[in-house]
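Here's the structure we're looking at; comments come further down.
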Amino acid sequence: MKAWSDLMTTDYGLMSLVVIAIVIYMSVWFSRFFKRHMDEDAAAAARAEQQAGKPGA
């Protein structure tokens, strides 16, 4: 219980919570960022493959 009290009431505990929140936010943001760009690249590759397959294109 002392650890929980230190986490919520001391300056180093509160800064630890801030860092934990930032790391969680960054992990969510990076995963969404990478997923979005991977989907865009896959769609661009599919479009390029379709264009290459068309005669006269």
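Keep in mind that this is a model prediction, so the values were computed, not measured.
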**Request:** Would you please indicate if the ring centroids of Phe33 and Trp29 are separated by under 6.0 Å?
**Result:** yes
**Asked** Can you tell me how far the CG atom of Asp11 sits from the OG atom of Ser16, to the nearest 0.5 Å?
**Response**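 So the gap between those two atoms works out to 9.5 Å.
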**Message:** For the OG atom of Ser27 and the CZ atom of Arg32, what is their distance to the nearest 0.5 Å?
**Reply:** 12.0 Å
**Request:** Spell out, as yes or no, whether a donor-acceptor pair under 3.5 Å connects the side chain of Ser5 to the backbone of Met1.
**Result:** no
**Request:** Report, as yes or no, whether the 6.0 Å neighbourhood of atom CE on Met26 holds more than 12 heavy atoms from other residues, nucleotides or ligands.
**Result:**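 Open: at most 12 neighbouring heavy atoms sit under 6.0 Å from CE of Met26.
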**Asked** How close do Met8 and Leu14 get, heavy atom to heavy atom, and via which atoms?
**Response** O-CD2, 3.5 Å
**Prompt:** Hey, any chance Phe30 and Tyr25 share a hydrophobic cluster, counting ILVMFWY side chains that come within less than 4.5 Å of each other, even indirectly?
**Reply:** yes
